[in-house]
Amino acid sequence: MSQPARIPLRDEFNSRAHDALGDAQLRRNFRGAMDSLMEKRAAAFSDADERERLRTLGNHIRARALSRLPDLLEQLESNLTANGIQVHWAETTEQANRIVLDIAERRQARQVIKGKSMVSEEMDMNHVLADHGIECLESDMGEYIIQLDHEKPSHIIMPAIHKNADQVARLFERELGEPYTRDVNQLIQTGRRILRQKFFDADIGVSGVNFAVAETGTLVLVENEGNGRMSTTVPKVHIAVTGIEKVVAHLRDVVPLLSLLTRSALGQPITTYINMISRPRQAGERDGPEEVHLVLLDNGRSQAFADSELRQTLNCIRCGACMNHCPVYTRVGGHTYGEVYPGPIGAIITPHLVGLDKVPDHPSASSLCGACGEVCPVRIPIPSLLRRLREENVSRPDPGHAVMRGQGSKYSALESTVWTLWRTLYTRPLLYRLFRFFATRLRALTPSRLGPWTEHRGAPKPAARSLHELARKHLEQSR
Amino acid sequence: MSAKARILDKLRHSLAGTETLPDDFDETLVTEPWRYPPEQRLARLRELMEAVRTEIHLTSQTQWPDLLAALLAEKQLTRLLIAPETDHGRQLTAHWSTRSDASLSTLSLSLSPQGRGDRIDGPVLSPLSLEGRGAGGEGETAAGSGTDSTQEHSPSDLPALHAYDRPVEEWKHELFHDTPASLTGTVGAIAATGSLILCPDRHEPRLMSLVPPVHFALLRASTIHDNLYEAQRALNWRAGMPTNALLISGPSKTADIEQVLAYGAHGPKDLVVLILEDA
Ligand code: SF4
């Protein structure tokens with residue numbers, strides 16, 4: 001036994017995790033970044049009492065909005081429409097892409113510039129547009145870097161956090177012919193120069209939405225770079241894409257949510273730009289888009305909504321704090337998850353977007369240490385939701401009453417029988433005593449290999465005599 | 001059935017028999033920790049904005065045009081984009097024409113104690129910040145700049161004032177390539193977060209505070225609010241939002257590479273706030 005045993009790999013998540021764990025550079029990049037994000041968050045919430053009360057308020061605002069979601073969506077639509085913003089609804093990412101393509105075709109658009117938008121990642125918009133001959137370029141510096149390297153974001157706030165300056169420098173050298181420099185300022189200025197021209201040329205700007213305010217018909221966008229403002233102001237058409245859960249009732253609701261978002265995400269009291277868009281360019285105005293569209297995407301959200309426990313997933317304001325604090329995410333990195341949303345939030349939202357059977361290992365990729373739930377600014381009980389999804393993973397849906405798409409993919413008749421037996425034994429004293437008697441007498445027959453359990457541990461063996469028996473004997477002797 | 005009808009149907013079905021949760025918004029949580037005595041409001045705003053590399057100068061309703069001229073000279077900015085129909089745009093234009101024979105060097109000398117002493121972060125920014133040209137290929141490199149001389153008011157020794165008086169389509173190239181600096185007003189500021197509030201409109205369009213590499217903003221000290229909640233109320237946004245409302249808290253920045261903070265990502269590389277203390 002000179003070779004250490006290799007972990008047998010059952011599926012893609014595990015094999016990707018295994019590779020990531022062996023990549024020292026990647027682990028250093030993540031460790032460094034997550035440590036600093038955790039520190040910044042802690043410093044931004046110096047008053048624990050204020051923080052906890054604000055989290056409760058954030059939770060109530062989101063839960064209240066969800067408790068009247070259909071009404072709020074209709075109110076949002078009617079106020080946006082009155083303001084001159086066109087609202088579109090899409091059940092699937094295909095429908096959402098179709099809406100964007102129709103607008104692009106009508107405007108004969110050739111170039112699209114994108115601010116950061118996770119929903120457009122769900123839609124895989126860049127590739128869909130490219131298939132129709134439309135260039136769709138990311139303008140957030142992190143997103144631009146990974147698009148250049150044909151990668152997906154590895155973090156929802158810091159998409160290129162898995163790369164260090166050296167890796168970015170080599171990428172710019174290779175793809176853009178820029179002279180190598182590790183100087184971050186110079187790298188950013190290169191991005192600025194190239195993307196400025198793209199903002200200038202683009203026919204359409206695409207953005208996400210952080211909060212959609214129903215009472216005023218306002219789209220609130222939060223960012224530091226100014227690329228979001230560029231994308232929503234320079235091109236003649238602005239298309240915002242967002243999930244149906246992003247609506248809040250009142251303008252005032254945005255105040256605590258903003259504070260929670262920027263402090264949890266980056267430890268900043270506020271981001272450089274808060275961009276509140278309520279109308280397209282009005283008569284007499286000299287800039288701004290002529291058309292503003294909002295695409296409201298379902299893509300599995302109404303499924304999460306249907307279950308009052310799983311509905312809490314939709315409270316999420318996409319701050320990324322759960323990822324920054326997750327011991328699993330920090331070690332395996334975002335790409336291991338293989339989906340748009342990595343980390344704890346990914347583990348609870350992705351099953352609704354793509355089906356639990358497509359990502360059966362995501363809910364298990366957690367130590368259930370509870371850090372994610374503790375930091376979540378809107379108090380999503382992520383650990384309980386993970387346990388719930390684990391349960392849905394192994395239970396067969398009642399016909400006609402499936403909780404979610406793809407549930408039960410880890411169901412095993414054997415495992416289920418074993419647990420039923422176990423339950424029966426432990427709830428019937430007579431049966432239990434019989435079982436105990438034979439288990440101790442026949443202990444030599446217990447199997448020494450028990451699947452994955454024994455890959456790294458010995459199999460449990462019953463003792464020669466049970467504690468009950470030993471105790472009884474002891475009492476009899478001392479009597 | 002449309003996508004909208006199906007989505008709403010599903011949501012309504014899931015809510016059947018449930019109650020709307022009560023609205024227990026507690027405004028003390030977003031106001032009380034974020035209140036400042038009037039004399040501290042400005043200091044708080046300044047501290048937060050300077051922490052994100054904003055340049056702040058205290059001046060007055062009558063003196064700011066001279067200060068601005070001195071700062072433009074110091075930063076070697078030769079053109080300034082203004083909104084001619086605004087009060088400050090008019091004031092500046094008038095000032096420029098009366099000062100056309102003033103000597104800029106005297107001007108900057110007399111104002112520099114105030115002008116420079118206000119900076120806290122020692123080394124005068126990066127080379128990028130003091131020029132409109134340089135790495136970005138922006139500002140004054142003026143490749144094929146189609147400057148329309150009728151737009152200019154340029155006494156020989158003062159930077160040229162350029163008016164944003166037409167739709168952007170008519171001069172987009174110049175805006176992107178030959179506009180090193182701009183001046184805008186603000187409708188207020190927020191002490192709690194160190195933010196300026198801008199509501200671009202017909203007279204002062206949105207791109208003024210975004211495209212030029214250096215953005216000068218005028219702020220009347222009396223319009224600084226304690227926190228966003230109170231600012232929203234004071235501006236009565238609930239009754240009707242402006243087409244575009246912005247909170248701006250410093251120059252554009254990013255930490256997307258290795259968490260290293262870099263300024264001048266896509267928007268202005270420098271934000272200079274002139275605070276008018278008597279207004
Ligand atoms: S689940 Fe909570 S902590 Fe995670 S991204 Fe969403 S809001 Fe942030």
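By convention in this document, chain letters (A, B, ...) are assigned in the order of the sequence lines, proteins followed by strands, and residues within each chain are numbered from 1.
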Thinking salt bridges, do A:E52 and A:R55 make one under a 4.0 Å N-O criterion?
yes

Max heavy-atom pairs within cutoff under 4.5 Å with chain A, candidates B:T243, B:I257, B:L271, goes to B:T243

Please state whether the side chain, the backbone, both or neither of B:K253 comes within less than 4.5 Å of a heavy atom of chain A.
both

Heavy-atom count check: over 12 atoms from other residues, nucleotides or ligands less than 6.0 Å from B:R238 CZ?
no

Quick one: pull up CE in A:M34 and NE2 in A:H155 and give me the separation to the nearest 0.5 Å.
4.0 Å

Salt bridge check: are A:R279 and A:E285 linked by an N-O gap of less than 4.0 Å?
no

Under 4.5 Å from any heavy atom of chain A, what part of B:V260 do you find: side chain, backbone, both or neither?
both

Salt bridge check, B:E230 against B:R35: does any charged N sit closer than 4.0 Å to a carboxylate O?
yes

Checking B:P200 against chain A: side chain, backbone, both or neither under 4.5 Å from a heavy atom?
neither

Residues A:D35, A:R31: salt bridge by 4.0 Å N-O rule:
yes

Turns out that what part of A:N29 lies under 4.5 Å from chain B's heavy atoms comes down to neither

May I ask you to name which of B:P251, B:G264, B:G250 has the most heavy-atom pairs under 4.5 Å with chain A?
B:G264

Short N-O contact, B:D270 and B:R53, less than 4.0 angstrom
yes

Under 4.5 Å from a heavy atom of chain A, the part of B:D23 involved:
both

Pick from A:G226, A:S67, A:A249: which one has the most heavy-atom pairs with chain B under 4.5 Å?
A:S67

Largest heavy-atom contact set with chain A, pairs under 4.5 Å, which of B:V168, B:L15, B:L228:
B:L15

Measuring heavy-atom distances to chain A, does B:S195 have an atom under 4.5 Å in its side chain, in its backbone, in both, or in neither?
side chain

Measure A:L258 against the heavy atoms of chain B and call it side chain, backbone, both or neither at under 4.5 Å.
side chain

For the interface with chain A, which of B:H203, B:E170, B:Q232, B:E27 has the highest count of heavy-atom pairs at distances below 4.5 Å?
B:Q232

Greatest number of heavy atom pairs closer than 4.5 Å to chain B - which of A:Q167, A:Q186, A:R281:
A:R281

Pairs of heavy atoms under 4.5 Å with chain A: top-ranked of B:P167, B:A245, B:A262:
B:A245

Could you tell me whether B:R206 and B:D201 make a salt bridge, using a distance below 4.0 angstrom between a side-chain N and a carboxylate O?
no

Most heavy-atom pairs under 4.5 angstrom with chain B, which of A:H250, A:E74, A:Q95, A:Q282?
A:E74

With chain B as the partner, which of A:S278, A:S36, A:P70, A:A63 has the greatest number of non-hydrogen pairs under 4.5 Å?
A:P70

Sort out for me which of B:E32, B:K172, B:R233 touches chain A most, counting heavy-atom pairs under 4.5 Å.
B:K172

Salt bridge or not between A:E178 and A:R193? Use side-chain N to carboxylate O under 4.0 Å.
yes

Side chain from CB out, backbone as N, CA, C, O: work out which of these in B:W171 comes under 4.5 Å of a heavy atom of chain A, or both, or neither.
neither

Does a salt bridge link A:D298 with B:K4, judged by any charged N lying under 4.0 Å from a carboxylate O?
no

Contact origin within B:S209 toward chain A - heavy atom pairs under 4.5 Å:
both

Taking the six-membered ring of A:F305, is NZ or CZ of B:K10 closer than 6.0 Å to its centre and within 45° of its axis?
no

Could you check which of A:I157, A:V234, A:I145, A:L266 has the highest count of heavy-atom pairs closer than 4.5 Å to chain B?
A:V234

Would A:R252 and B:F25 count as a cation-pi pair here, with the cationic atom under 6.0 angstrom from the ring centre and within 45° of the axis?
yes

Return the option, out of A:A283, A:S139, A:P159, A:G191, with the maximum number of heavy-atom pairs under 4.5 Å with chain B.
A:S139

